[in-house]
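Take a look at the structure below.
Only heavy atoms go into these numbers, but all of them, side chains included; no hydrogens, no water, no symmetry mates. Each chain gets a letter, A, B and so on, in the order its sequence line appears, and its residues count up from 1.
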There are 2 protein chains.
Amino acid sequence: MTPTPARPMPEPSEPSGGQTNPLQDFDLAGFLPYRLAAAAARTSRAFADRYREEFGISIPEWRVLAHLHHAGPVSVRDIEARADMEKSKVSRAASRLERAGYISKAVNDTDKRLLELQLTESGRELMRQLLPVAIQFQAEMVERLGPAAERLDAALGVLLAPGPGGRKE
Amino acid sequence: MTPTPARPMPEPSEPSGGQTNPLQDFDLAGFLPYRLAAAAARTSRAFADRYREEFGISIPEWRVLAHLHHAGPVSVRDIEARADMEKSKVSRAASRLERAGYISKAVNDTDKRLLELQLTESGRELMRQLLPVAIQFQAEMVERLGPAAERLDAALGVLLAPGPGGRKE
DNA sequence: TTGACATTGTTGCACCTGCAATAAACCTTT
DNA sequence: AAAGGTTTATTGCAGGTGCAACAATGTCAA
């Protein structure tokens, strides 16, 4: 396209003869946060495409279902912590799932502020269909990544560890 | 007394005496797509927190600015492809940036369907402040990851490669 | 040239999202 | 027990999002 980039303003404050300027050369395609976000978005979309049309649930709903399947009756706050979602997001996903008949809400006896979210039989049946899809998807992903799969997982472990970037101080 | 722990649904297709059922034991915390999405969300949020308050721009806007800085005058469709965003998202981010005075829109002479988005001087000045923040953030991220940084990048390369999960067939 | 089809960017729409405000329940101190 | 503060879940609101529809422009074969 443009042969000579013109160098419009030869900043006199740069006395060095360095040929590459990291500020000039900055490229989104090599920026780790961008790459991570783009890869995650693609992956989530590809996975969601597997179940959205057939089962009519969204990603937040999937996360709530998966955690309920794993953990039994739990509160909204518990899902908030374990499924990396804002509590309002959890609350709304839970309401949609309840409306659809997949989960039930009950108040905790010993602490009436807490809810006890729980899969209904219909919800368990849904999970019997959803989990194989998820496991299959992960298997394909691991196969595609090859030996990089474990390394990716290890790196994600670092990024997900508490500390810098943790939800709340 | 049979010490068998109930085994609620003895799937007849599983003749083995395996003690763990991957469907029962499924845990979101070990699910690669979830881990990837959560790590990306944390990272993006942490990065956005660095510039949102001070500069008032969002992630889509940052991406548009970064690509314009790197590539010069380009169309919406070009950003759509290179910054992994829906064209409507690009269009709206560009409108906000134009309103804020950071970029200019012009119609391409040879193809009047195309726009030529371009940084204004104000936009270039903004990038002179933003890029060091981005470079610093990435440096901290790489330091935190240690040797896992390169491996993460390689794995992301696999996931971002065209093919399965590519935007459009 | 014309007419059919493709591409580009914007917008209407329904929905989702994060944040702050809120009500209800709980806890602690007096 | 009452007051003041904390925790939990929900909701109002302003704005963002994806998708489909659309108008404008371009392409190409007949």
Would you give a per-nucleotide map of nucleotides 1-8 of chain C, 5' to 3', where B means the base has a protein non-hydrogen atom under 4.0 Å away, S means only the sugar-phosphate does, and - means neither?
------BS
Round to a whole Å and report the spacing from [atom1] of [X] to [atom2] of [N].
| X | N | atom1 | atom2 | result |
| --- | --- | --- | --- | --- |
| A:R92 | C:dC15 | CZ | C1' | 11 Å |
| B:E53 | C:dC19 | CD | P | 13 Å |
| A:L117 | D:dT8 | CG | P | 14 Å |
| B:I59 | D:dG16 | CD1 | P | 13 Å |
| A:E116 | D:dA9 | CD | P | 11 Å |
| B:R52 | C:dT17 | CZ | C1' | 13 Å |
| B:R45 | C:dT17 | CZ | P | 13 Å |
| A:E86 | D:dT10 | CD | P | 14 Å |

Determine, for B:E80 against B:R77, whether the closest basic-nitrogen to carboxylate-oxygen distance falls under 4.0 angstrom.
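Salt bridge flag = no for B:R77 with B:E80.
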Close side-chain approach of A:I59 and A:S44, heavy atoms under 4.5 Å:
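Yes; the side chains approach each other to less than 4.5 Å.
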Among the clusters formed by ILVMFWY side chains lying less than 4.5 Å apart, do B:V76 and B:L114 turn up in the same one?
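Per the 4.5 Å side-chain linkage, B:V76 and B:L114 are not co-clustered.
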Should we say atom CD of A:E150 is surrounded by more than 12 heavy atoms from elsewhere, each under 6.0 Å from it?
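Atom CD in A:E150 is not packed in, count stays at 12 or less.
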Crowded around B:K112 NZ? As in, over 12 foreign heavy atoms under 6.0 Å?
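It does not: B:K112 NZ has 12 such atoms or fewer within range.
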Has A:E116 got a side-chain atom pairing as donor or acceptor with A:P73's backbone, closer than 3.5 angstrom?
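No, A:E116 side chain to A:P73 backbone: no donor-acceptor pair under 3.5 Å.
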Looking at residues at least two apart in the chain, or sitting in another chain, which of them share a ring-ring contact (aromatic ring centres under 6.0 Å, His included) with A:F47?
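Here the qualifying residues are A:Y51, A:W62, A:F137, B:F31.
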D:dT10 OP1/OP2 closer than 4.0 Å to side-chain N/O of A:S91
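Affirmative; the distance criterion is met.
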Between B:K89 and D:dG15, does any side-chain N or O lie under 4.0 Å from OP1 or OP2?
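For D:dG15, neither OP1 nor OP2 has a side-chain N or O of B:K89 closer than 4.0 Å.
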5' precedence on DNA chain C between A:N108 and A:S58 (nearest-nucleotide basis):
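This one resolves to A:S58.
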Taking only the side-chain heavy atoms of B:R96 (C-beta and beyond), determine which of C:dT10, C:dG18, D:dG16 contains the nearest atom.
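Among C:dT10, C:dG18, D:dG16, the one nearest the side chain of B:R96 is D:dG16.
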